Each structure stands twice: as structure tokens, then as C-alpha cells.
Amino acid sequence: MNVKQEKTDNKNELKLTFTIEATKFDEAIMSVFKKSAKYFNIPGFRKGKAPFNIVERHYGASIFYEDAFNELVPEVYDKEIKENKLEVVSKPHIDVVQMEKGKDLIFTAIVSTKPEVKLGKYKGIELKKIKYKVEEKDIEHELEHMAEHNSRMVSIDNRKTKEQDIVTIDFEGFVDGKPFEGGKAENHQLTIGSKTFIPGFEEQLVGMKLEEEKDIKVTFPEDYFTKELAGKEATFHIKLHAINVKEMPKIDDEFAKDVSEFDTLEELKSSIKEKMKKENDEKAKVETENLAIEAVCKDTKMDIPDGMIEVELDSMEDNIAQRLQYQGISYEQYLKMCGKTAGEVREEFKEDAIKNIQTRLVLEQIVKDEKIKADDKYIKEKLEELAKQYGRKVEDLEKNEDIRDYLEKSSKNELAVKLILDNAKYTTK
């Protein structure tokens, strides 16, 4: 195999021309044929028993070219990248120059390479000191949330509905006299005044009696996520089945005993305050780190290739799709709910993608310039956390090169951020 490297007219772009011996390409063709032979049905032969030359004559040799290319090229390409230690940051743009049985396979791969990073000031940067206080109102808010969580539902049957009632209703919506998708539900619970339904819907539920039926009219907002309904007037037929209210517990010492391990309300408040202080300290730490990295990135010069941004956007898109999947929503459904195309969402993510890349490149360069080494204690602690989380042995995880590399990079990056913060000049709070 022969590989020729040459720079293109674009900065941080490389053109690789691969020439693979004809014998290797022919071997790949035969390998593909053997895997797919069972699918060929040729007159005069039992299905899957026709020899290669007959299949070739019947369908043409080119029928195997694409699969042979896909079988042969990835390994060859990856080997070249690793052996030459090329820092490729994009997907390759492949162009086939020659692909024919009995001849050398020739193709080109244009790739983006890691850009040069010229660090600016990263020692002695000015930062605002961030600190969050725990106010009494914050503690009261948390107590109210706990009380809400421990409230009980009380059924009401002697009055009409009013604001803040939790009602159980059947409803069916019609536009132009026809029912529409998603406009019907039975035994649906709704808090009047929660503003979770179309504007005007909940207000018209006030004053209803148990088992009463009525029609209400609403207009969908102009920016409603279902375009077919946006701006349309709709009629909903409603039937009221139940009226409930939340009965909140009194917040006192007895409440503290019921919801915690503490005997008094003051002890519970102290615990909440301590927990909030830890959360605030972590929040301040993260925000300070982000400000520090942002300041260094602004003073750093780098030309990020488009291909690198596209790879980052792909990664962000995959992460979102994965999180949505846990909620039982597909990425396509998410796009429909947003009323946007995949391209529009990617464009919205672009600024964050660039920031992610800048952060990664800046920290990598600081690690390199400062010769920062990974903290073995950090790696050990993280391995123990992962082992506990996934029910694995630490020794097994240590053998996984990908996990080890990830933790080493993570440790070095944290130490790089610490270096920036330790050398920063802190100003007003």
C-alpha cells in the first residue's frame, strides 16, 4: 500500500491519496462474495451455490465493489492515521479515483487536522469572585416544597370549581367541527391556574359542578408547536368527574419528625442550610471555572476547521437523542414538538459547539505547555466510583485503555483549570 500526503489550499486540511494493491482489493471482493453468496438465485444452480464467475457474469463484477471498499478501507485508513500520528478532527471526505477488479484501488481522503493553538494570557487573568448566600427565604421555599411533597388530596363534592382546584376531566377538541390528533383525553388531571393548557382553557373550567358537561372555545397561539393548529379556533367538550384540593401539613416540629431524621424544625432548617451552602459553593465553583476558561479562550488564537465543528455538532445531537430516548421520545418527535428542522437545531447549537472545541483545545495546550501529568489519586477515585456505579471490578476497568485515557485527560484538564484559577487575580464579588 502507498499513501501520499499533501496539504490543500485550505488551512488545517490534508489530502491523503491511498493506493491499495489489486490483489488486496480482489481478496476483499471474494470475501464479500462468500458472505453474500447465499442470497444469489441464478437459473441452473441451487440458491447460493453459483460460483463467483457465474455470479459475476450474471450481475457484473461491480456489484461487489462498494461492499469490498467498505470492508477494506476503514482498517487501512485508521492504520495510516495512527501510524503517522495525524491529529484528524473531522470525518474524511472520500473520493474514489479508481475501483476495478484486477487493478489497484485508488481513492483520496480529505481531512481536517487539529488547528494550531496560540495561547494568550492564562496566568494572572482577572476574575470576579462569585459567592452565593443562603437566605432565609430559600430555606422557607425548600420547606414549602417538602410540605407540598407530603401534602394529601382531599375530595370536594359540595361546591363548584375554583382557582387552584385539581380537577379530573374528559375532553375532546374540535377544529372546524372535526376532531384533531392529540385533542382527546379521559380522566385527565389538571390544576386550574397552572397555565399548562392553551390560554383561556383553564379559566373556563371555573364554576363547574361535578359531572357537569360544557363546551368551551379557545384559540391556539400563533406560535403553537403544531403548525396545523396554530392560530386556529377550537371547541372543547368537557366533562368534570372530580374536584380535589391539596391539604398541606403544618410546618412545625412534628412535620420535621415526619419528613426527616431530626426532632425539631430548627435542626431541619440547619440541615437544609448546610446542604444549600454546599450546592451554592459548587455552583460558584463551576461558574468561576467557566468564566476563567472563557477569558482564556478570548485571548487565544485558533482557526477551527468546519469539519471539526460538524463532528462536535454530531456528538451534541447524539447526546440529545440519547437523553430523549430515556424519556421515550425520538429525536424526530422532538423536532416536531419544537417546530424546527434538524438543520435549524444544528445552527442553534453551533455557538455552543465552537465554545466546547475552544475549551478543549485551550486546556489541551495548557496541559502540553505546562507538562501537566495526570493525578493517580484522582484516577483511582474515579475508577472506584465507576466500578461501584456499574457493578464492575476496579481491576477490570483499569485494563480498559479507553476508560484509562478518558480519566487521564479529565485529570489533566482539571489540573489545567486549577492552574488558571490559582494564578487568577480576583476582583469584586
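A quick note: this is a predicted structure, and the numbers were derived from the prediction, not measured.
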With no hydrogens and no angle check, just 3.5 Å: does a side-chain donor-acceptor pair link T300 and Y122?
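No pair is found: no donor N or O on one side chain lies under 3.5 Å from an acceptor on the other.
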Under 3.5 Å, is there a donor on one side chain and an acceptor on the other for E294 and N290?
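The answer is no; no qualifying pair exists.
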Measure centre to centre between the rings of H58 and F45, then say whether the value is under 6.0 Å.
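For H58 and F45, the ring centres are not under 6.0 Å apart.
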Using the benzene-type ring in the case of Trp, are the ring centres of F180 and F220 under 6.0 Å apart?
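F180 vs F220: aromatic centres under 6.0 Å.
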Test side chain to side chain donor-acceptor pair (under 3.5 Å) applied to K35 - qualifying residues, sequence neighbours left out:
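K35 satisfies side chain to side chain donor-acceptor pair (under 3.5 Å) with E71 once adjacent residues are dropped.
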With sequence neighbours excluded, residues passing side chain to side chain donor-acceptor pair (under 3.5 Å) with K123
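Result, side chain to side chain donor-acceptor pair (under 3.5 Å) vs K123: E370.
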Sub-4.5 Å side-chain heavy-atom contact between K38 and K47
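No - every pair of side-chain heavy atoms lies 4.5 Å or more apart.
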Is L205 close to L190 at the side-chain level, that is, under 4.5 Å between some pair of heavy atoms?
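Side chain of L190 against side chain of L205, heavy atoms only: contact under 4.5 Å found.
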Does the plane of the ring in F171 sit parallel, tilted or perpendicular to the ring in F201? Use 30° and 60° as the thresholds.
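Taking F201 first and then F171, their aromatic rings stand perpendicular (interplane angle over 60°).
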Minimum-distance pair of heavy atoms, taken over all atoms of [X] and [Y]:
X    : Y    : answer
D170 : H241 : OD2-NE2, 2.6 Å
S194 : E202 : N-OE1, 2.9 Å
L361 : K114 : CD2-CE, 3.7 Å

Atom CG of D215: over 12 foreign heavy atoms under 6.0 Å
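Yes, enclosed.
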